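Quick notes on the structure that follows.
This chain uses plain numbering: 1 for the first residue, then up along the sequence. For clarity, every value in this text was computed on a predicted model and none was experimentally measured. Just follow the structure's listing: the first ligand is 1, and inside any ligand the first atom is 1.
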Amino acid sequence: MIKTFADLELDPNLLEAIEEMGFSRPTQVQAEAIPQALEGRDVLASAPTGTGKTAAFVIPALQYLQDFPRKKAGPARVLILTPTRELAMQVADQARALAKNTKLNIFTITGGVQYEEHADILKTTQDIVVATPGRLMEYINAERFDCRAIEWLILDEADRMLDMGFGPTVDRLSGECRWRKQTLLFSATLEGRGVEGFTADLLKDPAEVDAEPSRRERKKISQWYHRADDMEHKLALLKVIITEQAERSIIFLKTRERLAELRAQLESAQIPCSWIQGEMPQDRRNNAIARFRDGTVNVLLATDVAARGIDLPDVSHVINYDMPRTADVYLHRIGRTARAGKKGNAISLVEMHDQPMMDRVARYVKEDIKERFIKELRPKHKKPTFKKKNKKKVEKKSVKKKATKKKK
Ligand code: ADP
Ligand code: MG
C-alpha cells in the first residue's frame, strides 16, 4: 500500500519539490497510477476533476527521465497532449515546479503563438513537450517537429479531446510516436462517446486505474463550529449566519419540539423559512420542499427523521443547530451540501455539553474542525477540555497503530 510519496521510492530531488508544493501525501489516483507507470506499464486512468491527475503523470515521467538520462542532446522524449492551450500552460507550470531541482527542459507548443517564438526553442534540447494536438500536427506536417525520439506519450483529459474533435489528430500523432515505450491516458470519465475504442488503439495491455477518491478528496466541505453559551446566544449566532453568511441553508434539529420553537423564533425575527419533520402529510412536506427549491425561502428546518431518504436541493450551508446523536448522522447531514463538485459549508453550533460529540465527530471524519468566532458574539464560557477521556482514547489509538505495524 502506497501511503506517502516516500513509499514511491522517488528521487530525493523530486521528493523535495513535491514537499515544497505542499503535497503531503499522494491522492488516490497518484498512489495507484505512479507505481504502474514506473514499472513500465501503459496506464488507463480515470479520476474525478481536482484529484491530482496532473502530478499522477508528471511525477513518473520526471522519475523516468532521471532514471534513464539522455546521452546526447536531442528532441523531446516525453510528449503530453492536452485539449486546450490554457491546460497546456497549467500542466507545464506544474511540471516545471516539480522539476525545479533538475536540469530537465519543459516546453509548450500551442496555438496562438507565432512560429518564430517556437523556432529557436525547437532547435534546442527538450525533455518534455506539452502540446495541443492541432498545432503540434501543423509542425509535424511542416517537418519542424520530430516525434521519433518520444518515449512516453501522455494524454490528459482524453474525454475532452474527443469531445472537441481531436480524435483523428490524436490517432495520427500516436502513429508519429510509434517508437514510444509507454502510453498513459488520463480522463475524468472513461464513459461516453468513443473513449473505449479510442483507448483500445492507443494503449497496450494498460494497467487500469479507476480511482475512487478517498473520503478526504471526495467533497470540498469546509467545516467549522461556533461555541454557544446558551440557547439565546445560539439563536443570535444562527441569525447572523443565515442572514449575513449563508445563501441557502438547511438547519438540523433533533426533535419536532425544538423545530417548532426555532420556527416561531425565526418567524418573529421575520426570517422566512420552510420546514419538514417526521409524520407530516405528504402534500405539506412536498410544498415545504418546493418553496425551498424554487427559492421562495432560503432556509429549511429539518429533523433527521424528516430528511432521511429525501433528495433535498443543493445548499451552500448545512447548519447543526442541534448536534446529531452520532458521528454517522453528522456525515449524512453534511452530505447535503457540496453536491456535484461544488464547495459546501457545514457549521455546528456547540454548547458546553456538545463538546465531546464535536470532538468525536472530528475524529470520525478525520479532520481538524476549527472553532470560529463572530464578532460581538464571542462565547463567554471557557472551552471545556475532557482530559481524562481524551488521554485514554489517544493511548488506545497508539497501541492499535503499533499492533498493525508489527503485522506488516
Ligand atoms: P485534476 O487534473 O485531477 O483535475 P489537478 O492535477 O489539476 O487535478 O490538481 C488539482 C489541485 O490539487 C492542484 O491545485 C494541485 O496542485 C493539487 N494537488 C495535486 N496533488 C496533490 C497532493 N498529493 N496533495 C495536495 N494537493 C495536490
Ligand atoms: Mg487535469
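Between W224 and H226, the ring-plane angle classifies as perpendicular under the 30° and 60° cut-offs.
Residue F5 has at least one heavy-atom neighbour below 4.0 Å for each of these atoms of ligand 1: 23 (N). Near T54, with a cut-off below 4.0 Å to any heavy atom, the atoms of ligand 1 are 2 (O), 5 (P), 6 (O), 7 (O). Short contacts between ligand 1 and R25, defined as distances under 4.0 Å to a heavy atom of the residue, involve ligand atoms 22 (C), 23 (N), 24 (N). Counting the atoms of ligand 1 from 1 in the order shown, those under 4.0 Å from a heavy atom of T27 are 22 (C), 23 (N).
For H118 and F145, the ring centers are positioned 6.0 Å apart or more.
Of the N or O atoms in G52, one or more lie within a sub-3.5 Å distance of an N or O in ligand 1. Where the criterion is an N or O separation shorter than 3.5 Å, residue side chain and backbone included, T51 meets it with respect to ligand 1.
For R144, the side-chain hydrogen bond (donor to acceptor under 3.5 Å, both in side chains) test picks out Y115, with sequence neighbours left out.
Within the 3.5 Å criterion, the main-chain N or O of D229 finds no donor-acceptor partner in the side chain of K380. In this structure, the side chain of T132 does not engage the main chain of P83 through any donor-acceptor pair within 3.5 Å.
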